[in-house]
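Order of appearance sets the numbers: ligands from 1, and atoms from 1 within every ligand.
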Amino acid sequence: MTEKPLKLLFMSTPVAPLGSGFGGGVELTLLNITKALQDRSHEVEVVAPLGSELDSISIVEIPGEWQPIAQNQGRNLPIILPENSVLANIWEYGRSVQHQYDAIVNFAYDWLPFYLTPFFQTPIAHWVSMGSLTSALDRVICEVMNRYPGTVGFYTHTQAATFNCEGSYACLGSGLQMSRYQFCPQPEDKLAWMGRISPEKGLEDAVEAAQKTGISLEIFGKIQDENYWQNILESYPDAPINYIGFLDTDRLQERLRHCRGLLMTHRWVEAFGNVAIEALACGVPVIAYRRGGPAEIVCNGETGWLVEPDSVEGLVEAIANLDQIDRENCRQQAEMEYSLEALGDRVEWWLLQIRDG
Ligand code: UDP
C-alpha cells in the first residue's frame with residue numbers, strides 16, 4: 001500500500017447495465033479491479049447504467065439509452081450517440097464530480113470518453129476492452145496514447161498491436177477472486193463453451209467439434225444475436241449440445257469445473273478472454289484458436305492446446321489430447337498470474353503513475 005490511498009471514479013460500459021452479461025468480460029474485469037483496489041484501501045466509486053448490479057458494491061446509477069455495440073458493424077462505422085445517451089449522461093456526471101477524485105477510469109469502448117480527455121481537469125485512465133474495430137475509435141485512442149503516454153491500458157500486447165499506434169501503453173491482463181473458483185481434479189466426459197453468443201465468438205466451430213467427437217458441449221452465456229444462435233441450431237440439429245443459459249459466477253464455476261476442457265473458437269482478435277482464466281482457475285484446460293489474447297494466456301501443452309485458427313480438425317485433435325494436460329497446472333497458472341493480488345499490483349502501479357503525473 002502507498003501512504004495516500006487513491007480516490008477513483010470508475011465509469012462503466014454503457015452498452016447495458018452491469019450484471020446483464022451484455023457487457024461481456026469487462027463486467028467481470030470492472031468488478032475484480034474494484035475488489036483488488038478496495039482490498040488495498042483505495043476508494044472506488046462505480047458509475048453505471050440504471051439497473052446495474054455489481055456484487056455488494058454500491059453503484060451510482062445513471063439513466064439513458066444504451067450505447068449500440070460496435071462488434072460486427074464494419075470499420076467505417078461512424079460515431080453514434082443515441083438521444084439521451086447513457087454514455088453522455090455518465091460522463092456529464094463525471095464532469096460534475098471530477099474534483100473529488102485523483103483519477104477517472106474509463107471502461108467504455110467508445111469515442112466520447114477519449115475525445116473528452118483533454119477537457120477534463122482530473123486525469124483519465126482508459127481501460128480498452130476490445131481490439132481495433134472501427135477507424136474512428138482507433139484514431140482517437142491513438143491521439144490519447146500519444147498525448148497522455150501510459151494512460152491507456154490494454155489486456156494483452158496482441159490486443160494493443162491491433163491499434164497500430166506507436167504511443168506507450170500499459171499491459172494489464174486480468175484477474176479473479178480465486179477463492180470463488182473451486183478446483184475439480186476429476187472431470188465428467190463433457191466440454192464447455194462460454195461467452196456472448198455472437199458471430200465474432202465462432203460458437204459454430206465448437207458445436208461442430210462436439211458433433212465430430214460425440215462429446216457433449218455445455219454452452220454458457222448470453223444470446224446476444226438470436227438469428228446467429230437459431231442458425232447454429234438449424235445447421236447442427238444432431239450435435240450433442242446443451243444450452244445452460246447465462247449463469248452468475250458462482251453457478252457458472254460449479255458447472256464449468258466438471259468439464260474436461262473449455263473450447264475458445266473466436267473469429268476476431270480476442271482482447272483477452274476472461275473465460276480462459278476462469279476455466280484455468282477451476283483446473284479446466286483451455287483449447288483455443290491461436291489468435292489474440294488466449295495465445296498469450298494458454299501455455300501450449302501445459303495448460304491447454306493452441307490450435308490453428310478456424311481449424312475444426314485442430315480442435316478435434318486437441319480434444320483427443322486433453323488427458324495429457326495436468327489439471328493441477330491449470331489451477332497453478334491461474335493462481336500465479338491471475339489472482340486478485342497480481343491484478344492489483346499491475347493496476348495500482350498503472351493508476352499511481354497516472355495520479356502522480
Ligand atoms: N459469463 C458469465 N456467465 C455465463 C457465461 C459467461 O458470467 O454464463 C461471463 C464470463 O465470466 C466472462 C464473460 O462472460 O467474464 C465473457 O468475457 P470474455 O472476456 O471471455 O469475452 P468478451 O465478452 O469480453 O468478448
Is the closest side-chain heavy-atom distance between L256 and M194 below 4.5 Å?
-> yes
Which residue and non-hydrogen atom of the protein lie closest to atom 8 (O) of ligand 1, and at what distance in Å?
-> L247 N, 2.8 Å
Does any N or O in the side chain of R40 come within less than 3.5 Å of the main-chain N or O of E341, such that one atom is a donor and the other an acceptor?
-> yes
List in chain and number order the residues that pass ring pair (Phe, Tyr, Trp, His ring centres under 6.0 Å) with Y109, two or more places apart in sequence or in another chain; answer none if no residue qualifies.
-> none
Atom 23 (O) of ligand 1 has as its nearest protein heavy atom R196 NE, 2.7 Å
Numbering as shown, the atoms of ligand 1 that approach L28 to under 4.0 Å (heavy-atom distance) = 11 (O), 15 (O)
E270 touching ligand 1 at heavy-atom level, < 4.0 angstrom | yes
By side-chain hydrogen bond (donor to acceptor under 3.5 Å, both in side chains) - contacts of N329 (at least two apart) | none
Verify the ring-centre separation between Y155 and W127: is it less than 6.0 angstrom?
-> yes
I33 side chain near T29 side chain, heavy-atom distance below 4.5 Å | yes
Checking heavy atoms under 4.0 Å, the part of W268 that sits near ligand 1 is side chain
What are the atoms of ligand 1, with element, lying closer than 4.0 Å to any heavy atom of G24?
-> 13 (C), 17 (O), 23 (O), 24 (O)
Which ligand 1 atoms are under 4.0 Å away from a heavy-atom of G245?
-> 8 (O)
Sub-6.0 Å ring centroid separation between F107 and F10 = yes
Which heavy atom of the protein is the closest neighbour of atom 1 (N) of ligand 1, given with residue, atom name and distance?
-> F246 CE1, 3.7 Å
Can you find a side-chain donor-acceptor pair between S198 and E200 that sits under 3.5 Å?
-> yes
Give the single entry among G292, G25, A276, A279 that approaches atom 16 (C) of ligand 1 most closely by any heavy atom.
-> G25
Any N/O pair E278/ligand 1 closer than 3.5 Å | yes
Going only through I, L, V, M, F, W and Y residues with side-chain contacts under 4.5 Å, is there a path from M130 to V140?
-> yes
Tell me, which protein residue and heavy-atom name are nearest atom 21 (O) of ligand 1, and how many Å apart are they?
-> K201 NZ, 3.0 Å
Per-residue contact class, L252 against ligand 1 - non-hydrogen pairs under 4.0 Å = side chain
G273 near ligand 1, heavy-atom distance under 4.0 Å?
-> yes
Identity and distance of the protein heavy atom lying nearest atom 19 (O) of ligand 1 | N274 N, 2.9 Å
